[in-house]
Structure formats: C-alpha cells, structure tokens
> 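Structure incoming, see below.
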Amino acid sequence: MAGERHRIITIANQKGGVGKTTTAINLATALAAIGERVLIVDLDPQGNASTGLGIDRRDRKLSSYDLMIGEHGITEVTLETAVPNLFIVPSTMDLLGVEMEISQQSDRVFKLRKALSSPEAMAFSYILLDCPPSFNLLTMNAMAAAHSVLVPLQCEFFALEGLSQLLETVSQVRRTVNPRLDIQGIVLTMFDARNNLAQQVVNDVRTHLGEKVYHTLIPRNVRVSEAPSYGKPAILYDLKCAGSQAYLQLASEVIQRERQRLAA
C-alpha cells in the first residue's frame, strides 16, 4: 500500500504520563484489527510500547537504535506481535546513546526518514512512531520522517500550556525540515466525567483548536492501565471495557480523516 495510502504518524507530547504509548499501542491494534498493515517504531529508550506488546527484552536482538544509526534495514529490525497485521521495531536502552553517535552528522535529523523510505517500509499502510516524553533528537527525527503528528493530551489543568509549546515545535519543524508535516489530531485522554475540571479542559481545547480535536474522549480506565503488565493491548485484554471501545472509535476517526484527506 505505497503512495498516498502509506501514512507515517508521530505520536508525541513532551510531557510524560499523558497516555502516549497507550494510545500508540491501542490505536495500532485497532487499525490492525480492521485489516490495515501497521508498524510501531518504539523510539523511547524505556521501551514501554515494546513491553506493552509482549516483546521480551531478550528477543530485542536488534532495535530502533540499529535502524537509526543505519546498520540494519527495516526488515531486519521488525518483529511480529501477537496481534495479526501488527509489527514493531522494538526499543532498547541503546537508544540513550544514539544522540551522541549521530549529533555531529549533517543528516542527523533525517536518519529515520531515510530508514522509512525503503520499499519494505512503504508496504505498511500505517507507521506509528512512539516518541520519548521530551523534545530531543529522537523526536526531531520522528517529526522529520512523519506526515502528521497525533497529540495525546491529558484532561488536566496545565494541558493547554504544554500543547501550545508542542504546536510551536511542529511549526518550527515544518518551517525547517519537513514542510509536509501537519497535525493529524489532538486526542483527549484520561477523561473523568465526574471531574468538572476535566470537562472544562475539553471545552477549552475544543474552543481553541476546533476540528483538530477528535470527538472521541479516552476515559480513565483501570483495565487499560492493567493491560501492559500482561503484555497485551487493552483491546486484546478486555475488548468490552470503556477504554478499548474508545480506542476503536478513535481508529475510526483516524481512518475517516485519512479518507477526507485523500478526497480533498
């Protein structure tokens, strides 16, 4: 599914604990469940996306580190997951050293773009890039390689403050290294309907950003929180829980936006 059907989406927020990796795992699983061929590239040295998909650390012989420094291609570093149609380039702590290794190279922000331009990478209809919770060279590589950025945003008081910083970063990347980059959408996570502040945050974000904000709200959900400890996406762990159903709705919205983009 090369060409227009091939989409690279960076999932980024410089703030930790906003549901970024949970969103990457469950959105990828939902897309795979409807027949899309999906790849997650785990760019966080903590490797939570890899662990959350049941990839044992002993099986991570090659990782996104090897992809970034250019020693191995996408086929060599990609592993199958327990989810049909879903694959992952796992992460290891080696990623902590990648900035030092490539920082003096003139193409340092384009390492991932180059790695994902191969025919093997183009065979995936969606590639989701799970970034670390900071704006560093790994995140810069992800934004330079991507078509769009999906931003998970926790429904809390300081959400808009952090979001404005991230949107400015996206603008800078668009101006300097990747003119095609746009905002895929803002997904509001950890929503608690009993909390008046959470509803106020939803209203504020939608007032400021309008159609960029997905309709789907991802609720706080115990089953979603438990799933990674079993090495499973929430959608596999408990399909009927509120969190899993929300991620299925989010996948529908993502696909709908892609259809609108293609039709435009």
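Worth knowing before you read on, the calculation uses all heavy atoms, side chains too, and leaves out hydrogens, waters and symmetry mates.
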> Would you call S91 and S50 a side-chain contact if the rule is heavy atoms closer than 4.5 Å?
yes
> Quick one: are L39 and I74 in side-chain contact, heavy atoms under 4.5 Å?
yes
> Identify the heavy atoms of A24 and L128 that sit nearest to each other, and give their distance.
O-CD1, 3.7 Å
> Out of curiosity, T169 OG1 to M140 CE, how far, rounded to the nearest 0.5 Å?
9.0 Å
> Do you know the tightest heavy-atom contact between V213 and V205?
CG2-CG1, 3.6 Å
> Does any N or O in the side chain of S229 come within less than 3.5 Å of the main-chain N or O of E226, such that one atom is a donor and the other an acceptor?
yes
> Looking only at heavy atoms, what is the nearest atom pair of V38 and A28, with distance?
CG1-CB, 3.8 Å
> Working note: T29 + Y247, criterion side chain to side chain donor-acceptor pair (under 3.5 Å); need CA distance, chi angles, decisive distance, verdict.
CA-CA 9 Å; T29 300; Y247 277 115; over 6 Å; no
> Any ion pair linking K20 and D130 (charged N to carboxylate O, less than 4.0 Å)?
yes
> Please check if the number of heavy atoms outside K212 that lie under 6.0 Å from its NZ is greater than 12.
yes
> Given the rule that I, L, V, M, F, W and Y join up when any side-chain heavy atoms are under 4.5 Å apart, are I235 and Y126 in one cluster?
yes
> Does I9 belong to the same Ile/Leu/Val/Met/Phe/Trp/Tyr cluster as F135, with side-chain heavy atoms less than 4.5 Å apart forming each link?
no
> Would V77 end up clustered with L86 when hydrophobic side chains under 4.5 Å apart are linked, directly or stepwise?
no
> Give me each pair satisfying side-chain hydrogen bond (donor to acceptor under 3.5 Å, both in side chains) with a member in residues 185-202, each pair once, sequence neighbours excluded.
D192-R194, Q199-N203, Q200-D204
> Between side-chain atoms of residues 214-221 and protein atoms elsewhere (two or more places apart, or another chain), which donor-acceptor pairs fall under 3.5 Å?
residue : atom : partner : partner atom : Å
Y214    : OH   : Q184    : O            : 3.4
Y214    : OH   : Q184    : NE2          : 3.3
T216    : OG1  : E253    : OE2          : 2.6
N221    : OD1  : R223    : N            : 3.3
N221    : OD1  : V224    : N            : 3.1

> At what distance, to the nearest 0.5 angstrom, does CD1 of I88 lie from CG of L53?
5.0 Å
> Going through the distances and angles, do V202 and C155 end up as a side chain to side chain contact (heavy atoms under 4.5 Å, CB included)?
CA-CA 7 Å; V202 171; C155 296; 4.0 Å; yes
> Can you name the nearest heavy-atom pair linking M68 to L95, along with the distance?
CG-CD2, 4.5 Å
> Are any of the side-chain heavy atoms of T51 and R57 separated by less than 4.5 Å?
yes
> Under a plain distance cut-off of 3.5 Å, with no hydrogens placed, do D42 and S64 share a side-chain donor-acceptor pair?
no
> Among side-chain atoms of E36 and S125, is any donor-acceptor pair under 3.5 angstrom?
yes
> Among pairs that include at least one residue of residues 151-160, which meet side-chain hydrogen bond (donor to acceptor under 3.5 Å, both in side chains), considering only residues two or more places apart or in two chains?
K15-E156
> Looking at side-chain heavy atoms only, is the closest gap between L239 and Q245 below 4.5 Å?
yes
> What distance separates I127 CD1 from I40 CD1, expressed to the nearest 0.5 Å?
11.5 Å
> Are T92 and P45 packed together at the side-chain level, in the sense that at least one heavy-atom pair is separated by less than 4.5 angstrom?
no
> Which atom names give the shortest non-hydrogen contact between V18 and P152, and what distance separates them?
CG2-O, 3.7 Å
> When you look at R113 and N141, which way does the side chain to side chain contact (heavy atoms under 4.5 Å, CB included) test go after all the steps?
CA-CA 7 Å; R113 180 191 288 187; N141 263 268; over 6 Å; no
> List for me each residue that meets side chain to side chain donor-acceptor pair (under 3.5 Å) alongside R259, sequence neighbours excluded, and say none if there are none.
none
> Would you say the side chain of R175 lies within less than 4.5 Å of the side chain of S171, judging by non-hydrogen atoms?
yes
> Looking at E168, I want to see if its CD is surrounded by more than 12 non-hydrogen atoms of other residues, nucleotides or ligands under 6.0 Å.
yes
> Considering residues at least two apart in sequence or located in another chain, which fulfil the ring-ring contact (aromatic ring centres under 6.0 Å, His included) criterion with Y237?
Y230
> Is any side-chain heavy atom of L167 closer than 4.5 Å to a side-chain heavy atom of Q165?
no
> Under 3.5 Å, is there a donor-acceptor pair between the side chain of H147 and the main chain of I8?
yes
> Enter the distance from Q249:CD to S244:OG here, rounded to the nearest 0.5 Å.
11.0 Å
> In Å and rounded to the nearest 0.5 Å, what is the OG1 to CZ distance from T176 to R174?
10.5 Å
> Would you say that more than 12 heavy atoms from the other residues, nucleotides or ligands in this model lie under 6.0 Å from the CD of E76, or not?
yes
> Output, in order, the C-alpha distance, side-chain angles, deciding distance and verdict of side chain to side chain contact (heavy atoms under 4.5 Å, CB included) for V151 and V187.
CA-CA 6 Å; V151 184; V187 56; over 6 Å; no
> When V149 is tested against each of D182, L181, T139 for side-chain contact (heavy atoms from CB on, under 4.5 Å), which residue passes?
L181
> Ignoring hydrogens, what is the shortest heavy-atom contact between A121 and L116? Give both atom names and the distance.
CB-O, 3.4 Å
> Supply the atom-to-atom distance R60 CZ to I55 CD1, rounded to the nearest 0.5 angstrom.
7.5 Å
> Going through the distances and angles, do K114 and L112 end up as a side chain to side chain contact (heavy atoms under 4.5 Å, CB included)?
CA-CA 5 Å; K114 181 179 179 182; L112 191 59; over 6 Å; no
> Decide whether I102 and L62 are clustered together by the hydrophobic rule: side chain heavy atoms of Ile, Leu, Val, Met, Phe, Trp, Tyr closer than 4.5 Å, transitively.
yes
> Side chains of L150 and T10: does their closest heavy-atom pair fall under 4.5 Å?
no
> Enumerate the residue pairs fulfilling ring pair (Phe, Tyr, Trp, His ring centres under 6.0 Å) with a member in residues 77-116, sequence neighbours excluded, ordered by first and then second residue.
F87-F124
> Check whether V98 and M93 end up in the same hydrophobic cluster, where Ile, Leu, Val, Met, Phe, Trp and Tyr are linked by side-chain heavy atoms less than 4.5 Å apart.
no
